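Owing to the predicted nature of the structure, the values given are computational and were not obtained by experimental measurement. Lettering of chains follows the sequences in order, A, B, ..., and the numbering in each one begins at 1.
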Number of protein chains: 2
Amino acid sequence: MMDEPRSRRERPAKAALTRGGIVAAAAEVMRAEGLGRVTMRRLASELDTGPASLYVYFRNTAQLHAAVLDDLLGAVDLSPVDAPGDWRDRLEAVLTSYTRVLFEYPTLAQSAVTARPSGENYLRLVEGLLALLDEGGVPPGQAAWGLDLLLQVATATAAEHAGGDDPEQWDAVGAALRAVRPETHPRIASLGEDLLSGPGPARASWGIRVLINGVLATPRTGGN
Amino acid sequence: MMDEPRSRRERPAKAALTRGGIVAAAAEVMRAEGLGRVTMRRLASELDTGPASLYVYFRNTAQLHAAVLDDLLGAVDLSPVDAPGDWRDRLEAVLTSYTRVLFEYPTLAQSAVTARPSGENYLRLVEGLLALLDEGGVPPGQAAWGLDLLLQVATATAAEHAGGDDPEQWDAVGAALRAVRPETHPRIASLGEDLLSGPGPARASWGIRVLINGVLATPRTGGN
DNA sequence: ACCTGAACACCGTTCAAGT
DNA sequence: ACCTGAACACCGTTCAAGT
């Protein structure tokens, strides 16, 4: 009886259900326990309701995750877009910031490979990247498709880290590559460790430069 | 009583549990009902046993899926590796074959972004791609990292199709891009539909050429 | 070693009913 | 419209026990 007001404070009776509130709660759960715990049921109990209530705001779990990702994308540093300097360096800086954000939540990156977000932060990022490609003189057609490639590689690079925490799966590939017989797989054997992810960030930034150079050099029509 | 022999035929009493047998059953379930049904429990009941039995052969569900993927990779056409002709065209042909295989099971492609297979078919594919890069004079260091990029893009391209069956999520992106205001997002607005996946295969092959050109043009050390 | 039944601790999604 | 309890139909993984 006496602690009624106290319990009200700890859990404010019932926060009204809003899309933003759900996303905020989801982001918190993800930060604390990983994307695997960001489930409809878990969130519902966090918000003092039943899972069915969340379906008013999200068609399914994948869309909930996409909304969480868009929320996170607010942390991407877009300041290089309007800064002075070489456009390639600035493009690389923005994508590196994007990758850094995703590196924090590799499982979210994995889901982003299929379920692209479509919120305002994502749109801002896309617009910024297109502005830089435009500044670099990349023809519109190549910019449109190249943008996709750039995000794909940046996202996949972060997603690859998802299995990385767990040495079991990761080392299965490593073990297989090391165990290869030089007679049957000479090139794998000779490249050895170099095939495995070396210094992650260096690879990512090399990959971005490869893409920039390639996009500039590859027209969308005609032979090669 | 009388149909004992008949039921024996339909379900041969009990096939001995082997890694290969499990993978074969898994591939069948996937073909028939999609990767979502390839679960430990479902497979166990398919094989007339309990789910715990499968953990003798696979550490977890992700590794089971990786094994199924490797199995599927047996269908990739590696004949262009030893064929005559321009190495770029042949490299593109192999990757196109790889993409085609994954396109059949986009959800498997999605899981492949994180859980790379490490079976013999995967190793054969990697060796073949490295042979072509070598033939093209790509320096070993660039080949090692470039290989990763090529597989990443090919895999992600197929994985993107995973959401594609479901117009809900897919159209969310489309709708968002179309609804954009030209005042705030001029470049998105001007590129319009071109940003969305046009003719999938054409994009994939352009992406591969971009990567080949980029890898050739981008040394692993030094400035840009 | 290989195999298993049973248990623990969860899931997504829908539906009929309420406000 | 928004919200919900309850139900349906599933999951992964571990453990103690058996062969």
Side-chain angles (χ1 to χ4, degrees), chain A residues 11-26 29-30 32-69 107-108 110-111 114-115 162-163 165-169 172, chain B residues 11-26 29-30 32-69 107-108 110-111 114-115 162-163 165-169 172:
Chain A
R11 206 180 262 236
K14 185 97 179 201
L17 223 45
T18 63
R19 214 189 121 95
I22 297 169
V23 171
V29 170
M30 186 182 66
E33 309 174 43
L35 187 70
R37 297 292 178 208
V38 180
T39 68
M40 293 297 201
R41 291 182 104 105
R42 175 64 204 280
L43 242 40
S45 93
E46 201 79 19
L47 296 165
D48 270 317
T49 181
S53 307
L54 305 179
Y55 284 80
V56 175
Y57 301 93
F58 300 96
R59 231 179 266 283
N60 53 44
T61 309
Q63 253 182 42
L64 169 63
H65 289 174
V68 173
L69 174 55
T107 51
L108 195 56
Q110 188 187 9
S111 87
T114 24
D165 292 338
D166 175 17
E168 284 159 19
Q169 174 70 35
Chain B
R11 208 180 261 234
K14 185 102 179 198
L17 223 46
T18 63
R19 216 189 120 95
I22 298 168
V23 171
V29 169
M30 186 181 66
E33 308 174 42
L35 187 69
R37 295 294 177 205
V38 180
T39 68
M40 293 297 200
R41 290 182 104 105
R42 174 65 203 279
L43 243 38
S45 93
E46 200 79 19
L47 297 165
D48 270 318
T49 182
S53 307
L54 304 179
Y55 284 80
V56 175
Y57 301 94
F58 300 96
R59 233 179 265 284
N60 52 47
T61 308
Q63 253 182 42
L64 170 63
H65 289 175
V68 173
L69 174 56
T107 51
L108 195 56
Q110 187 186 9
S111 85
T114 25
D165 292 339
D166 176 16
E168 284 159 20
Q169 174 70 34

Output the pairing pattern of DNA chain C as a dot-bracket string, 5' first, Watson-Crick or G-U wobble with both distances under 3.5 Å, | for cross-strand pairs, [ ] for crossing pairs.
||.|||||...|||||.||
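- Residues meeting the side-chain contact (heavy atoms from CB on, under 4.5 Å) test with A:A25, sequence neighbours left out: A:L47.
- Nucleotides D:dC2 and C:dA17 have their C1' atoms positioned 13 Å apart, rounded to a whole Å.
- The NE2 atom of B:H65 sits 8.5 Å away from the OG1 atom of B:T107 when rounded to the nearest 0.5 Å.
- Separating the CG atom in B:L35 from the CG atom in B:L108 is a distance of 5.5 Å, to the nearest 0.5 Å.
- Put simply, CG on B:L47 is 13 Å from C1' on C:dC3, counting in whole angstrom units.
- Every side-chain contact (heavy atoms from CB on, under 4.5 Å) that A:V29 has, sequence neighbours left out, goes to A:R37, A:V38, A:R42, A:L43, A:E46.
- Per the geometry, CZ belonging to A:F58 stands 13 Å off P belonging to D:dC2, to the nearest Å.
- One finds the CD atom of A:Q63 at 11.5 Å from the OH atom of A:Y55 (value rounded to the nearest 0.5 Å).
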Sugar-phosphate or base contact per nucleotide [nucleotides 7-19 of chain C; S, B, -; heavy atom under 4.0 Å]:
B---BBBBB----
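- Nucleotides C:dC10 and D:dA9, compared at atom C1', are 14 Å apart to the nearest Å.
- At a threshold of 4.0 angstrom between heavy atoms, the contacts of B:Y57 are confined to the sugar-phosphate backbone, with no base atom among them.
- B:T61 is linked by a side chain to side chain donor-acceptor pair (under 3.5 Å) to nothing, counting only residues two or more places apart in sequence or in another chain.
- Annotation: side-chain contact (heavy atoms from CB on, under 4.5 Å) contacts of B:Y57 (sequence neighbours excluded): B:L17, B:R19, B:I22.
- A distance of about 16 Å separates the C1' atoms of D:dC11 and C:dA6, rounded to the whole Å.
- In this view, A:S53 and A:T49 satisfy the side chain to side chain donor-acceptor pair (under 3.5 Å) rule, not counting sequence neighbours.
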